[in-house]
Amino acid sequence: VVASGHNAKTLNIGMLGHGFMGRVHSHAYATIPHIFPDLTCAPRLNTVSGMQQDQPEQFARQFGYERWTNDWRAVVDDPEIDIIDVCLPEYLHEEVCLAALEARKHVFCEKPLALSAASARGLVIKAAETPVKAMCGFNYRFLPAVRLARELIYQGVLGALYLIRASYCQESGHDPDRPAEQVRYAYGKTQLGSIRGLGSHLIDMARFMGGDASSVTGLMRTFVGARKMSDGQSYQVKADDMATLQVEFNSGAIGILTATAVATGRKNQLSLEVNGSKGSLSYDLETPNHLQVYLDDATHPELRGFSNVNVTERPHPLMKYWWPPAHNLGWEHGHINELKHFLDCVSADQSIGPYGATFEDGLRAAEWAEQAWISSRDGRRISLAGG
Ligand SMILES: NC(=O)c1ccc[n+]([C@@H]2O[C@H](COP(=O)([O-])OP(=O)(O)OC[C@H]3O[C@@H](n4cnc5c(N)ncnc54)[C@H](O)[C@@H]3O)[C@@H](O)[C@H]2O)c1
């Protein structure tokens, strides 16, 4: 008997933005049906939208989108579209997400959810009153080693948590001679600084491991303030290029977080160490398949030490359908796993959290960043919502 066809529900994707993230997400949607036999829907790359100068037509042809446009509103208002995937510059997120929710589309929005906590709060309220799925793009939650770290913490393997140290380090701002237009966190309509750009990922990672916190103390700096534009004109950087946060988790643990764009030599280093009463773990995105784990094991005290676990075995989280052990995954697989989760939530009406980042998670990241900034400005510790 030769069987043909399938009954999976088609979900029409409207991709807004086709730069870095639009490309990563489009690649993920195209890959997901090839990897996951349990997928409960059929994602269809229906329409892509982007600025004319960025050539959405060429992108549509490359990825197999059926249609393209320069007008994101046309995609949001199109009754054929089920999912709006927001890969646009950060200043557009609030307006676009509100319009998409108003049109009753499922929404996936890249981080940071919004530019301010007030804007993010508005999106949380709108999402709560709309019968759709809304997810925020904190992709690092979907790397197997990161997920295993969280499972070990939640299973109590590390005991009571004492300290969560995390940092997100890049070097994009370290060179004072780099023209201002090329320094993304410090130029243009959205000057995120390191605290809202890298920092939103960092805060989410800390919360994913340690939960909410009652207070934050921030210290921020702009080390490279004086730049030149390509035409030689002076440009004064206002955004921070270094943000440190000290947080008190509700569990009692302390968090030390650093987000910086002036970590000379660091291209994209996200690292985490958690110390508890019975063990510790350590993760570094530069070796993304590995989790270092120390267990205070009394059975063989002479063998105590950090073990280097390659988190690519079948029983490991998120590894069920990927390659055989030690046929390693990379950064992109976090995005693929993340969007698979989103599609499942939409098609099978499942909850985005606790593994996927909800709009509330996006709001928390915005709140911590904002309060850390105020703390740094005023030189005082600040209470956090959720504490
Ligand atoms: N999760 C991650 O790993 C990660 C990494 C990088 C960026 N991001 C986030 O993803 C989002 C997008 O960043 P990016 O690096 O892909 O940006 P990008 O500059 O590479 O691409 C932006 C896209 O938006 C389009 N665009 C811009 N203005 C528009 C408008 N008014 N109407 C329609 N289209 C418009 C552009 O044509 C382009 O296709 C940002 O929120 C960013 O912070 C996330």
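Order of listing sets the numbers, starting from 1, for every ligand and every atom in it. Start at 1 with the first residue, then count along the sequence.
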Given Ile13 and Asp82, is the side-chain contact (heavy atoms from CB on, under 4.5 Å) satisfied, shown in steps? CA-CA 6 Å; Ile13 313 283; Asp82 302 297; over 6 Å; no
Suppose we screen for salt bridge (charged side-chain N to carboxylate O under 4.0 Å, His left out). Which residues come up paired with Glu273, at least two apart in sequence or across chains?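 So Glu273 forms a salt bridge (charged side-chain N to carboxylate O under 4.0 Å, His left out) with Arg165.
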Contact table ligand 1 N or O to protein N or O, d under 3.5 Å:
residue, atom, partner, partner atom, Å
ligand 1, 1 (N), Glu110, OE1, 3.0
ligand 1, 1 (N), Asn139, OD1, 2.7
ligand 1, 1 (N), His201, NE2, 3.4
ligand 1, 13 (O), Arg184, NH2, 3.1
ligand 1, 15 (O), Arg184, NH1, 2.8
ligand 1, 15 (O), Arg184, NH2, 3.4
ligand 1, 16 (O), Phe20, N, 3.4
ligand 1, 16 (O), Met21, N, 2.8
ligand 1, 20 (O), Phe20, N, 3.0
ligand 1, 37 (O), Met51, N, 2.9
ligand 1, 37 (O), Asp54, OD2, 2.5
ligand 1, 39 (O), His18, N, 2.7
ligand 1, 39 (O), Gly19, N, 3.2
ligand 1, 41 (O), His93, NE2, 3.1
ligand 1, 41 (O), Lys111, O, 2.8
ligand 1, 43 (O), Glu90, OE2, 2.6
ligand 1, 43 (O), Lys111, O, 3.1
ligand 1, 43 (O), Lys111, NZ, 3.1

Output every pair passing ring-ring contact (aromatic ring centres under 6.0 Å, His included) with a member in residues 264-295, not counting sequence neighbours, ordered by first then second residue.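 As it turns out, the ring-ring contact (aromatic ring centres under 6.0 Å, His included) pairs with a partner in residues 264-295, which skip direct neighbours, are Tyr294-Phe306.
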ring-ring contact (aromatic ring centres under 6.0 Å, His included): pairs with one or both residues in residues 102-135, sequence neighbours excluded: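 Residue pairs passing ring-ring contact (aromatic ring centres under 6.0 Å, His included), neighbours aside: His25-Phe108, Phe108-Phe342.
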Cluster overlap Val274 with Ile254, hydrophobic side-chain contacts below 4.5 Å: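 In one cluster with Val274: Ile254, no.
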Please confirm whether Tyr235 and Tyr187 have ring centers closer than 6.0 angstrom.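 Tyr235 vs Tyr187: aromatic centres under 6.0 Å.
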